[in-house]
Every structure is written in C-alpha cells, then in structure tokens.
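Only one structure is covered here, and it is reproduced in the block below.
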Amino acid sequence: MTGSPDVPRIVDPQVLRDVLGHFASGVTVVTARTAEGPAGFTCQSFSSLSLDPPYVMFAPAKTSTSWPRIQGTGRFCANILGEDQEPLSRGFAVSGGDKFAGVPWHRSQNGSPILDGVLAWIDCTIEVEHDAGDHIIVVGRVLELDVERDGRPLLFFRGGYGRLEQ
Ligand SMILES: Cc1cc2nc3c(=O)[nH]c(=O)nc-3n(C[C@H](O)[C@H](O)[C@H](O)COP(=O)(O)O)c2cc1C
C-alpha cells in the first residue's frame with residue numbers, strides 16, 4: 001500500500017469506468033406511469049437490498065430526464081430484461097422521444113408499466129433517496145413482484161451486451 005489514507009487522490013474517470021466495467025450486471029428498464037404517459041430508462045445499477053423490510057435499489061444519474069418524472073409518481077417498476085431484449089435496452093437508453101412507441105406493455109396491479117416479454121418485474125414505492133455524487137441512490141419498498149417467464153438474462157459487461165452460455 002502506498003499513499004496516505006487522508007490525502008484524496010484523483011481517480012481518472014476513464015480508469016474508473018474501465019475497471020468498474022468488469023463488474024457484470026443484468027439490465028433493467030425502470031418504469032413508471034405518469035400523468036403524461038409512461039416513462040422509463042435503461043438501468044444496470046438495480047440491485048436487491050433488504051429482505052426485511054423488502055427493499056431494492058437503483059441509481060439514476062442526476063442528468064436523467066426520466067428520473068424526475070418517475071420520482072413524481074412516488075413509484076417505480078424494475079423490469080428485468082431477457083437475453084433477446086437488447087433492442088429494448090438500447091431504445092430506453094436514449095434520452096427524449098416516445099420510448100414506449102411500438103413497445104407492448106401492460107399494467108401491474110398498481111398501474112406500473114410492465115414491458116411484455118421481460119423475465120421478471122419488481123413494483124415498488126419510493127422509500128428514500130440518498131445523494132451520491134452525480135447519481136442518486138433510490139431505495140424502493142417492494143409492493144408486488146413476479147416472474148413472467150423462463151429464460152436467460154441480458155447481461156452488461158465492459159460496456160457491451162453479453163449472454164450466459166448454454
Ligand atoms: C446497459 C445500460 C445501463 C444503464 N444503467 C444506468 C444506470 O444505472 N443509471 C443511469 O442513470 N443511467 C443508466 N444508463 C443510461 C440511461 O439509460 C440513459 O442515460 C437514460 O435512459 C437517458 O434517458 P432519460 O433522459 O430519459 O433518463 C444505462 C444505459 C445502458 C445502455
């Protein structure tokens with residue numbers, strides 16, 4: 001170990017991105033039904049968090065235009081994408097436009113958008129938010145959740161999409 005622990009070191013953002021990109025994740029689309037229609041964005045920072053009480057979390061960037069719309073509803077639904085849903089992931093990662101055009105979806109009991117064909121979904125109320133640099137940590141209390149179908153997940157690794165081998 002070198003360096004003093006109390007001296008802040010500047011970490012190169014590109015190095016941060018490259019190294020942390022080695023942590024593989026699944027891919028979700030976080031959705032909500034707003035008064036102006038459904039909102040959603042592609043999100044890999046989703047994670048399980050607590051069993052009792054039942055919490056999950058995700059981290060929207062402060063630049064996200066979908067997050068304030070989702071936040072205003074007090075709810076969100078995390079849709080876990082299957083390996084064949086890369087086009088959905090790409091479509092919901094674009095800022096602006098009608099991301100739901102041509103995307104079939106149905107409502108959870110609480111009215112949240114569940115995208116057709118996802119592996120599973122988790123419908124939540126927003127419990128608490130924590131400031132976290134250029135992101136916000138959002139903790140959701142799980143209201144309802146289900147598995148929609150058998151299948152393998154879409155993965156994200158080192159800036160690209162991946163799939164589990166057979
Ligand atoms: C695989 C993947 C994972 C992503 N994960 C996140 C994330 O965890 N948090 C986030 O804020 N943006 C994430 N993004 C970027 C957002 O999807 C994108 O910036 C956002 O959809 C922009 O649209 P908006 O302005 O409607 O929010 C991810 C993008 C991709 C392709």
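Remember, it's 1-based here, ligands and their atoms both numbered in the order they're listed. The basis for the numbers below is simple: all heavy atoms, side chains too, and nothing from hydrogens, waters or symmetry mates.
- Within a 6.0 Å sphere centred on CZ of Arg152, other residues, nucleotides and ligands contribute more than 12 heavy atoms.
- Within the 4.5 Å cutoff, the side chain of Asn110 has heavy atoms near those of the Arg75 side chain.
- Not one N or O on the side chain of Asp123 forms a donor-acceptor pair closer than 3.5 Å with the backbone of Glu144.
- Closest to atom 8 (O) of ligand 1 among all protein heavy atoms lies Ser45 OG, 2.7 Å.
- Backbone and side-chain nitrogen or oxygen atoms of Ser89 are examined, and none is located within less than 3.5 angstrom of a nitrogen or oxygen of ligand 1.
- Inclusion of Ala59 in the set of residues having an N or O under 3.5 Å from an N or O of ligand 1 is warranted.
- For Arg163, the CZ atom is densely surrounded, since the number of other residues' heavy atoms within 6.0 Å is greater than 12.
- Side-chain atoms of Thr28 come within 3.5 Å of backbone atoms of Cys43 as a donor-acceptor pair (strictly under, hydrogens ignored).
- At least one N/O-N/O distance between Gln44 and ligand 1 falls below 3.5 Å.
- Heavy atoms of other residues, nucleotides or ligands lying less than 6.0 angstrom from CG of Leu51 number 12 at most.
- The heavy atom nearest to atom 16 (C) of ligand 1, out of those in Thr42, Ile70, Thr28, is found in Thr42.
- For the pair Ile70/Thr31, no side-chain contact is recorded, criterion being any heavy-atom separation below 4.5 Å from C-beta on.
- Ligand 1 has at least one atom lying under 4.0 Å from a heavy atom of Lys99.
- Close approach to Pro60 involves these atoms of ligand 1, each under 4.0 Å from a residue heavy atom: 11 (O).
- Contact analysis puts Tyr161 in contact with ligand 1, with a non-hydrogen atom separation below 4.0 angstrom.
- Considering backbone and side-chain N/O atoms, Thr63 never comes within less than 3.5 Å of an N/O atom of ligand 1.
- Annotation: atom 24 (P) of ligand 1 to nearest protein heavy atom, Thr65 OG1, 3.3 Å.
- Closest protein heavy atom to atom 27 (O) of ligand 1: Ser64 OG, 2.6 Å.
- Ligand 1 lies less than 4.0 angstrom from a heavy atom belonging to Phe92.
- Ligand 1 has an N or O atom lying under 3.5 Å from an N or O atom of Ala61, backbone or side chain.
- Within a 6.0 Å sphere centred on CG of Asp12, heavy atoms belonging to other residues, nucleotides or ligands number more than 12.
- Of the listed residues (Gly91, Ala93, Ser66), the one carrying the non-hydrogen atom nearest atom 19 (O) of ligand 1 is Ala93.
- Distance alone, capped at 3.5 Å, is enough to place a donor-acceptor pair between the Lys99 side chain and the Phe92 backbone.
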